[in-house]
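Written below as structure tokens is the structure these notes are about.
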Amino acid sequence: MDEDAGSMTRIFKAGAGAVVTKSIGLKPREGYPNPTIIELECGILNAMGLPNPGIDNFKDEIAELKKSKIPVIGSIFGSKSDEFSKLAKNMEEYGADAIELNMSCPHAKGYGLEIGSDPKLVKEITSTVKKTVKIPVFVKISPNLINISEIAKAAEKGKADSIVAINTIKAMKIDLELKTPVLANKVGGYSGDAIKPIGVRCVYEIADNVNIPIIGVGGIHTGKDAIEYFMAGATAVQIGSALYYRGAKVFKKICNEIENWMKYHNVKNISEIIGAAHK
Ligand code: DHB
């Protein structure tokens, strides 16, 4: 998905409450060679390699979004806490409304999951960033962990304002004729319909272990999908792959379906169902 100011503005105008930028690092990165993305039966497999223009070149992009008063969540990735804090500071100066720490890219060497699987590092990076910026800081965590609750708790101890769960799942597709993995990077991150039950389980587990809000993400394309995440304990949701499949009209569709579900079930306020599955 191309996530420039133009496409993010279209997404916002189509009914999203905020936009999350692509993950930005300190220096421009080309990313991996093609193929970087393939559509599978029940989802999308991608290994882009964190391509991005670098933080210095991202200023205008945020400025463009802020011209239309769009709430922007600036996603950043780094390999250590001083990198994350420099990126967060720049994002804040450029006008971002919140920061999302991507500590969960499933394959980029030195980044993502390599950091996001270590509770000490997660706490240290989160608390360093929290001391650097005034805007809220979200920590996006990976489902590719046996200790997901421990990681969420580490982010909470670092004073994260919210947990974003989940990032993509480590996966692979092999071409039978060529007898080789399809993605140039071999391993990628799987998203879309197939990962929704995994995301719901992760949010449910995290909700049992932390007292900060959770933003649910993974395989949401209907109002009922969002409601399932709410019942697991999420207070908001993000949409990714559904945009690829269904375009920006998916936001209004999801919002309408949530409203219809609430009316039918006599739910006046969404807070009535948040965490409902825990009772
Ligand atoms: C990439 C980054 C991610 O955070 C992810 O979940 C999958 C892929 C990437 O840039 O390759």
Side-chain angles (χ1 to χ4, degrees), residues 1-4 7-8 19-40 42-55 57-58 61 73-79 83-84 87-88 91 99-118 121-122 125-126 137-145 148 151 155 162-173 181-196 198-199 202-203 215-220 237-245:
M1 264 165 282
D2 191 20
E3 294 161 281
D4 58 13
S7 65
M8 286 191 282
V19 294
V20 184
T21 68
K22 70 168 81 189
S23 293
I24 306 297
L26 283 179
K27 300 208 179 83
R29 256 175 85 99
E30 283 234 337
Y32 303 142
N34 285 326
T36 52
I37 179 161
I38 37 168
E39 214 176 304
L40 302 179
C42 312
I44 301 166
L45 184 61
N46 90 87
M48 317 292 288
L50 296 164
N52 78 95
I55 191 73
N57 296 314
F58 206 61
E61 206 90 1
I73 301 167
S75 173
I76 56 176
F77 71 92
S79 59
E83 279 183 31
F84 275 98
L87 288 161
M91 278 286 189
I99 301 289
E100 184 174 286
L101 307 179
N102 182 352
M103 299 200 205
S104 41
C105 173
H107 44 70
K109 279 189 190 65
Y111 300 110
L113 192 51
E114 284 184 22
I115 291 155
S117 55
D118 179 342
L121 277 176
V122 171
I125 291 168
T126 309
V137 176
F138 308 158
V139 178
K140 185 163 188 177
I141 64 178
S142 173
N144 304 298
L145 295 164
I148 191 162
I151 296 298
S162 177
I163 303 288
V164 182
I166 55 177
N167 206 320
T168 54
I169 293 163
K170 238 178 173 176
M172 181 186 269
K173 167 75 182 168
V182 175
L183 291 175
N185 188 58
K186 299 189 177 80
V187 170
Y190 196 36
S191 63
D193 292 10
I195 76 163
K196 193 189 71 179
I198 301 167
C202 290
V203 168
I215 300 168
V217 50
I220 299 169
V237 290
Q238 290 181 0
I239 311 297
S241 299
L243 257 173
Y244 177 94
Y245 286 114

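In each ligand, atom 1 is the first atom listed, and ligand 1 is the first ligand listed.
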Distance filter under 4.0 Å to Leu50 heavy atoms, resulting ligand 1 atoms = 2 (C), 9 (C), 10 (O), 11 (O)
ask   = Do Ser104 and ligand 1 have an N or O pair less than 3.5 Å apart?
value = no
ask   = When rounded to the nearest 0.5 angstrom, what is the spacing between OG in Ser241 and NZ in Lys196?
value = 13.5 Å
query = Any heavy atom of Lys22 sitting closer than 4.0 Å to ligand 1?
reply = no
remark   = When distances are taken from atom 8 (C) of ligand 1, the protein heavy atom at minimum range is Asn46 OD1, 3.1 Å
ask   = Among protein heavy atoms, which sits nearest to atom 6 (O) of ligand 1, and what does the distance come to when rounded to 0.1 Å?
value = Asn167 OD1, 2.2 Å
inquiry  = Side chains of Asn52 and Asn57, heavy atoms from C-beta outward: is any pair under 4.5 Å?
reply    = no
task = Working to the nearest 0.5 Å, report the span between OG of Ser191 and CG of Leu40.
result = 9.5 Å
message = Applying a heavy-atom cut-off of 4.0 Å, say which part of Asn102 lies close to ligand 1: side chain, backbone, both or neither.
response = side chain
note = ligand 1 atoms nearer than 4.0 angstrom to some heavy atom of Cys105 are 1 (C), 2 (C), 3 (C), 4 (O)
Ligand-residue contact atoms, ligand 1 with Gly49, heavy atoms, under 4.0 Å = 9 (C), 10 (O), 11 (O)
Euclidean distance, His107 NE2 relative to Tyr32 OH, rounded to 0.5 Å = 5.0 Å
task = Quick one: pull up CZ in Phe77 and CD1 in Ile24 and give me the separation to the nearest 0.5 Å.
result = 7.5 Å
task = Mind checking the CD1-CG spacing from Ile195 to Asn167? Nearest 0.5 Å is all I need.
result = 8.0 Å
ask   = Which atoms of ligand 1 sit under 4.0 Å from any heavy atom of Thr168?
value = 5 (C), 6 (O), 7 (C)
query = Are the side chains of Ile73 and Val164 in touch, meaning some heavy atoms are under 4.5 Å apart?
reply = no
ask   = With atoms numbered from 1 as shown, which atoms in ligand 1 lie under 4.0 angstrom from a non-hydrogen atom of Ala47?
value = 11 (O)
ask   = For ligand 1, which atoms, with element, lie under 4.0 Å from some heavy atom of Pro106?
value = 5 (C), 6 (O), 7 (C)
message = Does ligand 1 come near enough to Met48 that some N or O of the ligand is less than 3.5 Å from an N or O of the residue?
response = yes
message = Rounded at 0.5 Å granularity, tell me how far NZ in Lys140 sits from CG in Leu101.
response = 12.0 Å
